[in-house]
Asks: 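First the structure, then my questions, so here it is.
Residues take their numbers from the sequence shown, with the count starting at 1.
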Amino acid sequence: MVLLVGLSAVGAGMVGCGGKSAAPPRPGPGCAHIDPSVTCSVLFLGNSYTAVNDLPTVFRKLATSGGFAVSTKAIDPGGTTLQEHLDDPEMSATLTGSTWNVVVMQDQSEIPSVESLRQGEMYPAVRALVSGIREARAEPLLFETWAHSQGWPENGLLTYDQMQAAINQGYLSIGKELDVATAPVGSAWSLALGERMGALLWSDDGSHPTTMGTYLAACVFYATIFGRSPRGLSYHADLSAAEAAQLQRIASQAA
């Protein structure tokens with residue numbers, strides 16, 4: 001296993017319920033307390049849910065339209081789990097080789113929805129990553145993803161709603177344990193579905209996002225990291241002004 005700033009996964013296990021790592025986290029949800037003229041650096045650790053439509057770049061352009069200086073980098077090969085990120089020398093070198101304000105953690109899309117996979121794979125990796133991120137003086141942030149449009153019937157999650165509730169629980173439980181904030185992207189998707197936008201958010205595979213889905217996620221990250229509503233931002237990707245405004249409103253409600 002790759003060592004993270006002198007901490008292994010065993011050392012990270014010292015971060016228990018209500019516990020803290022040796023280095024205290026940065027104050028606030030991410031970049032809410034820095035001067036807008038100072039660059040907010042965000043590292044995304046994810047997979048295709050982050051890579052499709054280039055979520056980090058959409059977030060950066062959105063933030064720039066809000067008057068913030070932002071730089072982003074992503075390590076997001078398709079299907080990558082947080083355990084695989086933990087074991088990746090490139091990730092370790094990237095984390096320790098630059099100064100980051102926020103490090104986003106996004107697990108493989110199905111793992112957070114199954115209790116045995118959370119306990120056996122996701123949670124040990126998150127605990128170790130959070131220790132390494134805090135040791136690097138950055139703020140960890142969990143990326144609560146969206147469910148498959150048809151759920152995951154093979155594992156007893158027969159509907160979107162069932163799978164989304166399980167994913168939310170998976171991220172929020174470990175976030176509460178480690179005192180780590182969560183970007184509620186999945187919750188924003190649920191609100192959008194309540195406005196009959198479901199067919200516009202998923203691509204044909206019922207899993208990956210369309211441009212609208214990625215834009216909604218970027219708006220949630222803007223609200224979470226900067227502590228400000230994305231409503232009224234001028235960057236709309238390739239969406240109409242009306243579509244962007246609707247997604248900005250939904251993200252502000254979720255976050």
Side-chain angles (χ1 to χ4, degrees), residues 23-46 49-76 94-106 129-130 133-134 136-145 171 175 179-189 191-192 209 211-255:
R26 301 172 64 91
C31 293
H33 300 289
I34 69 173
D35 189 289
S37 64
V38 177
T39 298
C40 173
S41 298
V42 182
L43 173 63
F44 287 81
L45 305 178
Y49 275 27
T50 295
V52 169
N53 305 315
D54 198 352
L55 171 59
T57 295
V58 176
F59 162 73
R60 176 177 56 78
K61 291 181 177 179
L62 195 70
T64 299
S65 74
F68 292 96
V70 173
S71 66
T72 60
K73 180 176 176 61
I75 304 176
D76 51 10
T94 301
L95 177 63
T96 60
S98 300
T99 299
W100 304 102
N101 295 95
V102 180
V103 179
V104 176
M105 297 170 289
Q106 180 242 313
L129 285 166
V130 167
I133 291 165
R134 285 176 169 162
R137 306 297 296 168
E139 175 92 2
L141 177 63
L142 292 164
F143 178 173
E144 174 198 278
T145 52
Y171 279 105
D179 192 23
V180 173
T182 299
V185 176
S187 298
W189 277 50
L191 290 176
T211 299
M212 290 184 72
T214 296
Y215 186 82
L216 177 58
C219 288
V220 172
F221 275 104
Y222 179 90
T224 303
I225 290 174
F226 295 109
R228 301 188 186 188
S229 171
R231 298 182 72 167
L233 294 179
S234 61
Y235 176 67
H236 298 161
D238 61 357
L239 307 177
S240 70
E243 290 170 334
Q246 185 177 15
L247 295 170
Q248 291 171 1
R249 174 179 54 77
I250 291 170
S252 68
Q253 292 171 344

Asks: Using side-chain heavy atoms (C-beta onward) and a distance below 4.5 Å, is Y235 in contact with Y222?
Replies: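 Answer no - side chains too far apart.
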
Asks: State, to 0.1 Å, how close V180 and P140 come at their nearest heavy-atom pair, and which atoms those are.
Replies: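 So the minimum-distance heavy-atom pair works out to CG1-O, 3.5 Å.
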
Asks: Determine all donor-acceptor pairs shorter than 3.5 Å in which one atom belongs to a side chain in residues 236-245; sequence neighbours excluded.
Replies:
from	atom 1	to	atom 2	distance (Å)
H236	NE2	L233	O	3.2
S240	OG	E243	N	3.1
S240	OG	E243	OE1	3.3
E243	OE1	S240	N	3.0

Asks: Hey, could you give me the CG/CD1 distance between L141 and I133, rounded to the nearest 0.5 Å?
Replies: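 With rounding to 0.5 Å, CG (L141) is 9.5 Å from CD1 (I133).
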
Asks: Residues in ring pair (Phe, Tyr, Trp, His ring centres under 6.0 Å) with Y215, at least two apart?
Replies: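 Expected list: none.
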
Asks: So which heavy atom on V70 is nearest to which on A63, and how close?
Replies: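 Shortest heavy-atom contact: CG2-CB, 3.5 Å.
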
Asks: With a 3.5 Å distance limit and no angle check, can you tell me whether N101 reaches the backbone of V42 through a side-chain donor-acceptor pair?
Replies: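 Pair absent, no side-chain N/O of N101 close to backbone of V42.
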
Asks: Mind listing the closest non-hydrogen atom pair of A138 and V103 along with its distance?
Replies: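 It is CB-CG2, 4.0 Å.
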
Asks: Let me confirm one number: the CD-SG distance from E139 to C31, rounded to the nearest 0.5 Å.
Replies: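 Atom-to-atom, E139:CD and C31:SG are 9.0 Å apart.
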
Asks: May I ask you to check whether over 12 heavy atoms, not counting those of R249, lie within 6.0 Å of atom CZ?
Replies: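 Atom CZ in R249 is packed in, count exceeds 12.
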
Asks: So, the side chain of Q248 versus the backbone of G232: is there a donor-acceptor pair under 3.5 Å, distance only?
Replies: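 Yes: the side chain of Q248 pairs with the backbone of G232.
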
Asks: Is the shortest side-chain heavy-atom distance between L43 and L45 below 4.5 Å?
Replies: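 Yes; the side chains approach each other to less than 4.5 Å.
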
Asks: Shortest non-hydrogen contact from V52 to P209?
Replies: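 Smallest interatomic distance, heavy atoms only, reads CG1-O, 3.7 Å.
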
Asks: Is the closest side-chain heavy-atom distance between F226 and P36 below 4.5 Å?
Replies: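 No, side chains not in contact.
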
Asks: Does a side-chain heavy-atom distance below 4.5 Å link I34 with F68?
Replies: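 SC-SC contact between I34 and F68 ruled out.
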
Asks: With rounding to the nearest 0.5 angstrom, report the CD to OG1 distance, Q106 to T50.
Replies: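 So the CD of Q106 and the OG1 of T50 are separated by 4.0 Å.
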
Asks: To the nearest 0.5 Å, what is the distance between OG1 on T214 and CG on D54?
Replies: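 Spacing of OG1 (T214) from CG (D54) equals 9.0 Å.
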
Asks: I want to check something: taking the side chain as every heavy atom from C-beta on, are D76 and F44 in contact at a cut-off of under 4.5 Å?
Replies: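 No, side chains not in contact.
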
Asks: If you look at every heavy atom in V58 and A218, which pair is closest and at what distance?
Replies: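 Here V58 and A218 meet closest at CG1-CB, 3.6 Å.
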
Asks: I'd like to know if the side chain of W100 and the backbone of T94 have a donor-acceptor N/O pair within less than 3.5 Å.
Replies: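 Yes, W100 side chain to T94 backbone: donor-acceptor pair under 3.5 Å.
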
Asks: Identify the heavy atoms of P230 and A251 that sit nearest to each other, and give their distance.
Replies: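 Looks like CG-CB, 4.1 Å.
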
Asks: Distance check, rounded to the nearest 0.5 Å: K61 atom NZ versus T72 atom OG1?
Replies: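 Between atom NZ of K61 and atom OG1 of T72 there are 10.5 Å.
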
Asks: Hey, what do you get for OG (S229) to CD (Q253), rounding to the nearest 0.5 Å?
Replies: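 Answer rounded to 0.5 Å: 9.5 Å.
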
Asks: Below 30° counts as parallel, above 60° as perpendicular, anything between as tilted: where do the rings of F221 and F143 land?
Replies: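 Ring orientation, 0 to 90° scale: perpendicular.
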
Asks: Does a side chain donor of either E144 or S187 reach within less than 3.5 Å of an acceptor in the other side chain?
Replies: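 There is such a pair between these side chains.
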
